[in-house]
Every structure is written in C-alpha cells, then in structure tokens.
Amino acid sequence: MDLLRSEERWAALRRSVRSDCAPRVWRISDRLDEAAVSTLIASYRSGVTAVELAKRFDISKSSVKRILRERSVRRRALGR
C-alpha cells in the first residue's frame, strides 16, 4: 500500500511540472542577439556595473561576466 501511494505521489509531481507554457530558453545566445551583446559591452565599458547589466538584460551576473570574458573585455577592479 505504501508503494502505491509513493508511486501516485511521484506521478502527481511529474504531472505538475509539465505545462502548456512554451519552454524556457536557457542559452544566452538565444536570448541576446549580437546588438544586445554589443550594447551590454559598451555599457560596461562606460561604467555600468555587472549587477546593473544583469538586471537590465534579465540575465545572471555570471552570464554577464562570461559574455565579457568571451569577448576579451577587461574587467574592472571591484569598486571602480
């Protein structure tokens, strides 16, 4: 009986995860086009912080840092 309840519970959890919504796009390259990346880099070079850019472009701070690193943008020291 306990096994049956356990299986029913897992089945319910699996159903609740699925929805009719469109799947989320996880890759940054699918969310930001080249123009947006260029704007992000120009904003960073003009003094906007990585945290502010993450909020503005709706991505994580680590994604901002990765974009900057991949484009060989020199990072500023903390507090500058």
Side-chain angles (χ1 to χ4, degrees):
M1 192 66 153
D2 288 333
L3 180 62
L4 181 60
R5 287 186 191 142
S6 175
E7 288 176 9
E8 289 172 353
R9 184 175 30 176
W10 283 110
L13 287 173
R14 282 193 302 271
R15 274 194 307 272
S16 68
V17 171
R18 296 181 182 157
S19 68
D20 294 332
C21 297
R24 294 178 89 182
V25 179
W26 293 104
R27 284 182 274 159
I28 296 298
S29 61
D30 291 339
R31 289 188 275 164
L32 298 180
D33 60 2
E34 198 58 40
V37 171
S38 296
T39 302
L40 184 146
I41 291 170
S43 298
Y44 183 80
R45 286 182 172 152
S46 70
V48 180
T49 66
V51 172
E52 291 169 349
L53 290 170
K55 289 177 186 174
R56 185 182 302 173
F57 288 93
D58 195 29
I59 58 176
S60 67
K61 180 183 169 188
S62 62
S63 294
V64 171
K65 294 187 323 185
R66 185 179 335 111
I67 290 169
L68 296 173
R69 184 178 61 248
E70 288 173 352
R71 306 299 167 118
S72 301
V73 176
R74 191 152 216 210
R75 302 264 324 275
R76 294 189 300 266
L78 203 59
R80 286 185 169 179

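As the structure is a prediction and not an experimental result, all values here were calculated from the model. The figures here come from the full heavy-atom set of this structure, side chains too, leaving out hydrogens, waters and symmetry mates.
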Nearest non-hydrogen partners of Thr49 and Arg76, listed with the distance = CA-NH2, 3.7 Å
For Glu34, all residues meeting salt bridge (Lys or Arg N to Asp or Glu O under 4.0 Å), sequence neighbours excluded = Arg71
Minimum heavy-atom separation for Ser60 to Ala54, with atom names?
-> C-CB, 3.7 Å
Run the numbers on Phe57 and Val64 for side-chain contact (heavy atoms from CB on, under 4.5 Å), then give the verdict.
-> CA-CA 9 Å; Phe57 288 93; Val64 171; over 6 Å; no
Can you tell me how far OH of Tyr44 sits from NZ of Lys65, rounded to the nearest 0.5 angstrom?
-> 9.5 Å
Around Asp33, counting heavy atoms of other residues, nucleotides and ligands shown, do more than 12 lie under 6.0 Å from its CG?
-> yes
Distance, nearest 0.5 Å, that separates CG of Leu53 from NZ of Lys61 | 11.5 Å
So CD1 of Ile41 and OG of Ser72: to nearest 0.5 Å the spacing works out to 9.5 Å
Does Glu70 reach the main-chain N or O of Ile67 with its side chain, forming a donor-acceptor pair under 3.5 Å?
-> no
Hey, are Ser46 and Ser43 close enough side-chain-wise for a donor-acceptor pair under 3.5 Å?
-> no
Before giving the answer on side-chain contact (heavy atoms from CB on, under 4.5 Å), spell out for Leu68 and Arg74 the whole-Å C-alpha distance, their side-chain angles and the decisive distance to 0.1 Å.
-> CA-CA 7 Å; Leu68 296 173; Arg74 191 152 216 210; over 6 Å; no
For the side chain of Ser63 and the backbone of Ile59, is there at least one donor-acceptor N/O pair under 3.5 Å apart?
-> no
